[in-house]
*Asks:* 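Take this structure, written in structure tokens, and hold onto it; I'll ask about it next.
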Protein chains: 2
Amino acid sequence: MKDMQENANIVANFLKGLANPHRLLILCELATGEKNVSELIDATSMAQTSMSQHLSKLKEENIVVFRREHRTLFYSIDNDAVLKIMDVLYHEFCEKGDDK
Amino acid sequence: MKDMQENANIVANFLKGLANPHRLLILCELATGEKNVSELIDATSMAQTSMSQHLSKLKEENIVVFRREHRTLFYSIDNDAVLKIMDVLYHEFCEKGDDK
DNA sequence: TCTTCAATTTACTATATTATGATATGATAA
DNA sequence: TTATCATATCATAATATAGTAAATTGAAGA
């Protein structure tokens, strides 16, 4: 096992990839299945450039992958840890205690 | 349930609280049980000021709590989601595939 | 080839985060 | 009260992140 310090850097970068409201919304969309960029823009009302940059960050951290079909790029979540963490976050923040 | 946008902001802030190598190391220490600030400084070799700021951030996001005993403050993790996420992260990043 | 569509990259600015040094607080002992 | 220990806060500078506009790439149809 790598030493803690080194792991801490890797894990922190991974978490930074998730720690943005726009990227979380993107991941919520992708959690229900593969989507192309236009669909993601429609679903989140984000600017196209901004979407592209956030997708780029998600790719960089190996959180999502994409495949090209003609001119269209389809993105999907390719990370088991991400799905597990989203599950924890959903139960913690979206299901309970929403009435404060 | 709150709308996604609002939840996304809250969750992103929570994740930002975790997304720093120093804070992850602090949480690794606290995962084994309550520790005071001096112990955390010794264990992580961080500067005192830096430690204090990171603990402050962790408190702000309700990730840790503390209790005072005389002059000494004891910190501990007070968040079930944090422990679950750390567990996922540990399995993903610290146990497997460490030999790349 | 020329044009257009889908998406990315680049450049720039605004804002947020982090590290560091100096100072302050709160609790206790002398 | 004064000194000291444990810790927090403040100020500042360096760095990272995010948003926006303009330019670029890659694929496909006219």
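Protein chains get the first letters and strands the later ones, always in sequence-line order, with residue 1 at the start of each. All values below come from the heavy atoms of this structure, side chains included, with hydrogens, waters and symmetry mates left out. Predicted model, so just to flag it, every value in this text is computed and none were measured.
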*Asks:* Taking salt bridge (Lys or Arg N to Asp or Glu O under 4.0 Å) as the test, write out the residues that go with A/Arg71, two or more places apart.
*Replies:*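 Counting only residues at least two positions away or on another chain, A/Arg71 forms no salt bridge (Lys or Arg N to Asp or Glu O under 4.0 Å).
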*Asks:* Could you give the CZ-to-P distance, from A/Phe66 to C/dA6, as a whole number of Å?
*Replies:*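 Interatomic distance, CZ of A/Phe66 to P of C/dA6: 17 Å.
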*Asks:* Which part of the nucleic acid, if any, lies within reach of B/Phe74 when heavy atoms closer than 4.0 Å are counted: base, sugar-phosphate only, or nothing?
*Replies:* nothing
*Asks:* Check every atom of C/dA7, D/dA27, C/dA11 against the side chain of A/His70 and return the nucleotide holding the closest atom.
*Replies:* D/dA27
*Asks:* Kindly say whether B/Ser52 contributes a backbone atom to a donor-acceptor pair with the side chain of B/Ser56 at under 3.5 angstrom?
*Replies:* no
*Asks:* Between D/dT7, C/dA19, C/dT4, which nucleotide has the shortest distance from any of its atoms to the side chain of A/Arg71?
*Replies:* C/dT4
*Asks:* From the set D/dT9, C/dT18, D/dT20, return the single nucleotide nearest to any side-chain atom of B/Ser52.
*Replies:* D/dT9
*Asks:* Rounded to the Å, how far apart are B/Leu25 CG and C/dA19 P?
*Replies:*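 The distance from CG of B/Leu25 to P of C/dA19 comes to 12 Å, rounded to the nearest Å.
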*Asks:* Rounded to whole angstroms, how far apart are NZ on A/Lys16 and P on D/dT15?
*Replies:* 14 Å
*Asks:* Any salt bridge between A/Glu92 and B/Lys84, counting N to O under 4.0 Å?
*Replies:* no
*Asks:* Taking atom P of D/dA27 as reference, at what distance in whole Å does atom CD of A/Glu69 sit?
*Replies:*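 Taking atom P of D/dA27 as the reference, CD of A/Glu69 is at 14 Å.
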*Asks:* Any luck finding a side-chain donor-acceptor pair between A/Ser38 and A/Lys35 under 3.5 Å?
*Replies:* no
*Asks:* Expressed as a whole number of angstroms, how long is the span from B/Ile41:CD1 to C/dT20:P?
*Replies:*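 To the nearest whole Å, that distance equals 13 Å.
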*Asks:* Between D/dA27, C/dT20, C/dT10, which nucleotide gets closest to the side-chain atoms of B/Gln53?
*Replies:* C/dT20
*Asks:* Whole angstroms only, please: what is the CZ-P distance between A/Arg23 and D/dA18?
*Replies:*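 These atoms are roughly 5 Å apart.
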*Asks:* Which residue lies toward the 5' end of DNA chain C, B/Ala47 or B/Lys57, if each is placed at its nearest nucleotide?
*Replies:* B/Lys57
*Asks:* Nearest whole angstrom, please: distance from the C1' of C/dA7 to the CZ of A/Arg67.
*Replies:*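 Taking CZ of A/Arg67 and C1' of C/dA7, I get 16 Å after rounding.
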